[in-house]
Protein chains: 2
Amino acid sequence: MSTEKLASEIRKDQIVEAALHILSDKRVKKLKITEIASHLGLAPSALYRHFKNKDAILSAILEHIREKMYKNVEHVRRKRDNAIDRLQELLSLHENLISQHQGIPRIVFSDELWGQEKIKRQRMYLIVSGYLLELEAIICEGQRKNEINPDLNPEAVARMFFGIVQPAALLWHMSEGTFDLSGHFTAAWPLFQCVLQVESRCDP
Amino acid sequence: MSTEKLASEIRKDQIVEAALHILSDKRVKKLKITEIASHLGLAPSALYRHFKNKDAILSAILEHIREKMYKNVEHVRRKRDNAIDRLQELLSLHENLISQHQGIPRIVFSDELWGQEKIKRQRMYLIVSGYLLELEAIICEGQRKNEINPDLNPEAVARMFFGIVQPAALLWHMSEGTFDLSGHFTAAWPLFQCVLQVESRCDP
DNA sequence: ATTCCATGTGAATTTAAATTCACCTTAAGC
DNA sequence: GCTTAAGGTGAATTTAAATTCACATGGAAT
């Protein structure tokens, strides 16, 4: 019984992965059930055994992304102790995420994908703002330990960090992978670090 | 003859404005010809007198946005002399653009809107990267006049500036206007300024 | 005054998808 | 060995748009 359930879960995952892959790899055109199906060597109607409708697939993708992002936060929390190091590593994880799955930023930063339903947008907002809160937590911790200038507004710093990632995703995507992603992060990091610095002259 | 042409241009503009308004105001759902038409009190088929097809309308929107963005750059260049002031004012113009036309960031930062055609994405990339070049020019000028730390990588600084705007647009949009746009810019600016600062300790 | 063209209309037509449905297949449990 | 249900299929069906077309209309140029 549990094996069956598992098998079903596997198919679901495959569908989500395939969808994400299409979104990553191919053009911008909206995800088509037919295309996902053919990626898996299935008939379009087969997907309806696993998902109620296309919307349900999109929801599953959303959840998939959320998991990936939060796993990254967990990971750097475990692996690093220092706030600066954590942020730096998180940045590099983002770099990977972007370059491996062009589809992810596209989904996160765009909403054209989502139907008319307000709900999806709200969920996306919760994911993003929840992520920002995680960043904030890392930053605050760093401030307490005086690794980061305690005078800074952690919310603003978190968003600034986010502001390194988002344009990168945009440019990478728009440029069809021509944009120098790694160069961007390499150049952006020292600027950001400059903001974090303790004893900064930023505050009057 | 020129009057006719003008009248035609006016209609075209109206169509673009209406489209933008729908994109701003209403939900995410893709722009529908029918909806644009009814906004103007026209039958859907009427739009085809002015644009070959929907794609042409989207192109016109793109052009409209490009103009707005470049006008803002022109404006701050004329009005302000100091690079820092220029950037600060540009930021506030962006704030206005976002709050007045939710549709603009949505189009710029999303590509789901655009059909399969690679061309639109390329055009969008040119617009964005062209805009970044404008920012860079302002920054370089400021560096020459020692208003901005000359050791900084102007490209990276330009993107960081852009990184203040983009997340704001995203959050504003996703939150359905709940997000505190003005607060964001107010908090982000001093952090950014801290980066620009001459005699910064950022560079080894 | 007549002509003509730009603009507009409403009713088809087309198109491209999602979705449904009646019918197979196969492997697990009995 | 039989039964059942989950997973699969291809051929409709539905749906929602964009788009086309034959037919107005009104105002400007001749």
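By convention in this document, chain letters (A, B, ...) are assigned in the order of the sequence lines, proteins followed by strands, and residues within each chain are numbered from 1.
The side-chain heavy atoms of A/R86 and A/E141, taken from C-beta on, include a pair separated by under 4.5 Å. Two residues are said to be in side-chain contact when any heavy atoms from C-beta on lie closer than 4.5 Å; A/H184 and A/I164 meet this criterion. Between B/M174 and A/S129, the closest side-chain pair of non-hydrogen atoms is not below 4.5 Å. The shortest distance between side-chain heavy atoms of A/R159 and A/E155 falls below 4.5 Å. Side-chain contact check for B/L171 versus A/Y125: some heavy-atom pair is nearer than 4.5 Å.
Side-chain N/O atoms of B/H50 include none lying less than 4.0 angstrom from OP1 or OP2 on C/dA6.
A straight line from NZ of B/K12 to P of C/dA6 spans 13 Å, rounded to a whole angstrom. When rounded to the nearest whole Å, the span between NZ of B/K54 and P of D/dA17 equals 9 Å. The CG atom of A/N53 sits 17 Å away from the C1' atom of C/dC21 (whole-angstrom rounding). Taking atom CG of residue A/L42 and atom C1' of nucleotide D/dG10, one finds them 14 Å apart after rounding to whole Å. Residue B/K32 contributes atom NZ, which lies 8 Å from atom C1' of D/dA16 at whole-angstrom precision. The nearest whole Å value for the distance from the CG atom in A/L47 to the P atom in C/dT19 is 10 Å. For the pair A/Q14 CD and D/dG8 C1', the interatomic distance rounds to 14 Å; values are reported in whole Å. For B/I33 and C/dG10, the CD1 to P distance is 17 Å, given to the nearest whole Å.
Between the two ends of the helix from C/dA1-D/dT30 to C/dC30-D/dG1, each summarised by a five-pair axis, the helix axis turns through 0° (rounded to 10 degrees).
A donor-acceptor contact under 3.5 Å is formed by the side chain of A/S45 with the base of D/dG10.
For A/P44 and B/R49, each mapped to the nucleotide of DNA chain D holding its nearest heavy atom, the one lying further toward the 5' end belongs to A/P44.
Among C/dA18, D/dA18, C/dG8, the nucleotide with an atom closest to any side-chain atom of A/Y48 is C/dA18.
Ring orientation note: the planes of B/H94 and B/Y131 are nearly perpendicular, at an angle over 60° on the 30°/60° scale.
Residues B/E74 and B/K71 are not paired through a salt bridge, judged by the lack of any N-O separation under 4.0 Å between the basic side chain and the carboxylate.
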